[in-house]
Each structure stands twice: as structure tokens, then as C-alpha cells.
Amino acid sequence: MSGLEGLREWLRVPRGLSLPAWVSARLGTSVAGELEARRGVPLERAVFAVVDLETTGLSPKRCRILEIGAVVLRGADVLARFETLVDVGQPLPWGITALTGIHDELLAGAPPEGQALASLAALLERHGVEAVVAHNDRGFLARAWRAHERPEPLPPFLCSVRAARRLVRAPRYGLDALVAQLSIPHRARHRALGDAEMTADLWIELVGRARVEGIHTLESLFALAGLRAPKPARRRIQVVELPA
């Protein structure tokens with residue numbers, strides 16, 4: 001839909017009539033463009049799940065998810081927090097224990113990966129999450145989702161690194177560097193929920209900057225990230241045949 005068509009809809013001008021001359025003279029394409037930019041899900045109503053993972057190494061193909069943390073946001077409001085350790089089924093590398101403080105004894109009784117993902121999927125569905133935000137953990141989560149054949153589609157990803165590169169001028173775009181530059185409060189570093197909380201604070205800052213740049217909708221945010229906006233899910237209609 002063109003900008004002027006959006007303006008026609010906003011003013012409720014019937015299709016058979018042309019726009020009044022004063023509309024083009026006083027409002028023009030600037031207001032039409034602004035209306036078009038605001039078409040879609042407003043960012044203040046969009047629901048994001050900011051997810052962080054601790055893993056047994058750097059390769060999504062060879063390594064396993066060790067811990068999952070998530071913060072569900074609507075605007076700047078926290079709707080839920082989630083964390084779980086994951087039983088990786090093998091002894092942890094000593095370097096991972098040194099980095100995270102997680103050791104084999106802590107994993108006693110932790111759910112296996114499939115069960116942990118089911119809990120995360122339930123959280124995403126319960127809150128109607130429209131996009132998952134991650135700071136470099138997309139590969140691990142997507143791999144695990146496929147490996148365990150989760151029936152629910154994983155919401156589309158938004159990368160906080162990519163968004164930061166477009167909205168923040170910084171020498172480096174790792175989480176530590178951005179947290180320091182933007183004065184974001186420190187949480188438990190290299191633990192999934194602590195990192196997810198810091199990334200959530202970063203995401204709130206990035207969305208605020210995006211709105212200053214004229215990005216007001218979830219669809220526009222996907223365009224900024226170079227991604228297609230997700231299509232709305234089709235509602236299933238069940239047809240029941242009644243006896244004559």
C-alpha cells in the first residue's frame with residue numbers, strides 16, 4: 001500500500017473519491033510516509049524473548065547447550081524470566097567450568113536438552129513471543145530445535161550484535177564492550193540468565209534508539225536487520241460434518 005493510500009485510509013476517504021486538495025498541500029507525502037512507517041505491530045507492544053546460552057564449546061555442531069536463560073520483554077517491561085541448567089550427558093571441559101563456575105555436580109538432576117527446550121518452548125508460546133533476540137547464540141538454539149524436532153516453529157531471530165552495529169558507534173560489539181559503553185548494570189557474567197538480563201537491557205536501549213531513527217514497528221525492525229518480517233500465523237479451521 002502506498003503512503004497516500006495509507007493517508008486515505010487514515011482520513012477514511014471513500015475509494016470512489018479523490019483526496020481533498022488540502023490533504024496534499026498541508027499533509028503531503030511526509031505525513032503519508034510517517035503513517036506507512038507506523039503500519040504493523042508497534043514496538044511498545046511487540047513481545048521479545050532475549051535468550052542466552054552457556055555451552056560446552058564454540059561449535060554448534062559438536063558442542064552442547066549447558067544452560068539456558070531467557071527474559072521476555074514487552075517494551076521495557078519484563079514479563080518473565082527463565083533459567084535452567086542442562087544435563088549434557090558427559091563430563092564438562094575444565095575450561096568451561098573455569099569460565100562459568102558450572103561443574104558436574106551442579107548438573108545432577110538437571111533436565112536433558114530435549115526437556116529443557118520443551119520448557120523454553122512453553123514459555124515462548126505462553127507469552128506469544130514474536131521474535132527471539134540473541135547475542136551470537138542463534139546457531140546453537142536453531143540446531144537443538146531441529147535435532148529434537150520441536151513441533152512449535154521457533155520464532156524468527158533478531159541479532160542484537162547486528163542491530164548494535166547499525167544503531168551504536170562503538171569500537172567493539174561484544175556484550176562486555178557494549179555493556180561498558182552504554183553503562184548497563186552488570187549481572188552474573190557467563191551465566192545464562194545474567195547474560196540474558198544484560199542483553200535484555202541492551203535490547204531496550206537499541207529499540208529506543210531505533211525509535212529515534214524513525215523505526216516504530218516490529219516489521220520495520222526486521223527490515224533494519226535485513227530480515228523479512230514473519231507472516232502472521234494462519235488460523236486452523238476445523239470442519240465438522242453434521243448428520244443429515
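The figures that follow rest on heavy atoms only: side chains count, while hydrogens, waters and symmetry mates do not.
Taking both residues in full, the closest heavy atoms of A163 and W203 are given as CB-CZ3, 3.9 Å, listed atom of the first, atom of the second, then distance. Shortest non-hydrogen contact noted between A70 and A196 is N-CB, 4.1 Å. Contact between A131 and F222 at its shortest, heavy atoms only, is CB-CZ, 3.9 Å. The two atoms that bring A142 and L154 nearest to each other are CA-CD2, 4.2 Å, heavy atoms only. The shortest heavy-atom contact between L178 and A170 is CD2-CB, 4.2 Å. The minimum heavy-atom distance between P60 and R143, with the atom names listed, is O-NE, 3.2 Å.
For the pair V161 and L175, the minimum side-chain heavy-atom distance is 4.5 Å or more. Side-chain contact check for I68 versus L117: some heavy-atom pair is nearer than 4.5 Å. Considering only heavy atoms from C-beta on, L53 stays 4.5 Å or farther from L66 through its side chain. Within the 4.5 Å cutoff, the side chain of L73 has no heavy atoms near those of the V133 side chain. A heavy-atom distance below 4.5 Å is found between the side chains of P111 and T84. The closest side-chain heavy-atom distance from V72 to R126 is not below 4.5 Å. Residues E197 and P185 are not in side-chain contact: their nearest non-hydrogen atoms beyond the backbone lie 4.5 Å or more apart. Between R64 and V86, every side-chain heavy-atom pair lies at or beyond the 4.5 Å cut-off.
No side-chain donor-acceptor contact under 3.5 Å links S220 to the backbone of H216. For the pair D201 (side chain) and I184 (backbone), a donor-acceptor distance under 3.5 Å is absent. Under the 3.5 Å distance criterion, the side-chain polar atoms of D195 are matched with a main-chain donor or acceptor of H190. At least one donor-acceptor pair under 3.5 Å links the side chain of W145 to the backbone N or O of E152. Side chain of T55 to main chain of I65: no donor-acceptor pair is present (N/O by atom type, distance under 3.5 Å, no hydrogens or angles). A donor-acceptor pair is defined here as one N or O able to donate and one able to accept, closer than 3.5 Å; such a pair exists between the side chain of T97 and the backbone of I102. Judged by distance alone, the side chain of E44 and the main-chain N or O of G75 form no donor-acceptor pair under 3.5 Å. Using a distance-only test at 3.5 Å, with no hydrogens or angles considered, no donor-acceptor pair links the side chain of Y173 to the main chain of S160. With R189 contributing its side chain and R187 its backbone, the two residues share no donor-acceptor pair below 3.5 Å.
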Evaluation steps, salt bridge (Lys or Arg N to Asp or Glu O under 4.0 Å), between R191 and E54
CA-CA 7 Å; R191 291 301 301 265; E54 297 303 321; over 6 Å; no

L43 vs R211, side-chain contact (heavy atoms from CB on, under 4.5 Å): CA-CA, chis, key distance, verdict:
CA-CA 8 Å; L43 285 178; R211 295 180 69 177; 3.7 Å; yes

Hey, mind stepping through F82 and V51 against side-chain contact (heavy atoms from CB on, under 4.5 Å) and telling me if it holds?
CA-CA 9 Å; F82 170 86; V51 176; over 6 Å; no

Kindly determine whether F48 and L221 satisfy side-chain contact (heavy atoms from CB on, under 4.5 Å), including the steps that lead there.
CA-CA 12 Å; F48 302 100; L221 197 59; 4.0 Å; yes

Determine, stepwise, if the pair L107 / V88 fulfils side-chain contact (heavy atoms from CB on, under 4.5 Å).
CA-CA 8 Å; L107 299 183; V88 298; 4.3 Å; yes

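Ionic pairing of R74 and E130 is not present here: no N-O contact between side-chain nitrogen and carboxylate oxygen is shorter than 4.0 angstrom. Taking a cutoff of 4.0 Å between a charged side-chain nitrogen and a carboxylate oxygen, E205 and R209 qualify as a salt bridge.
Remark: D176 CG to H186 NE2 distance equals 7.0 Å, nearest 0.5 Å. Here L85 contributes atom CG and T100 contributes atom OG1; the two are 9.0 Å apart, rounded to the nearest 0.5 Å. A distance of 9.0 Å separates CZ in R166 from CD1 in I215, rounded to the nearest 0.5 Å.
There is a path of hydrophobic side-chain contacts, each under 4.5 Å, that joins V179 to V78. Following chains of ILVMFWY side-chain contacts shorter than 4.5 Å, one can reach L218 starting from L167, so the two form part of one hydrophobic cluster.
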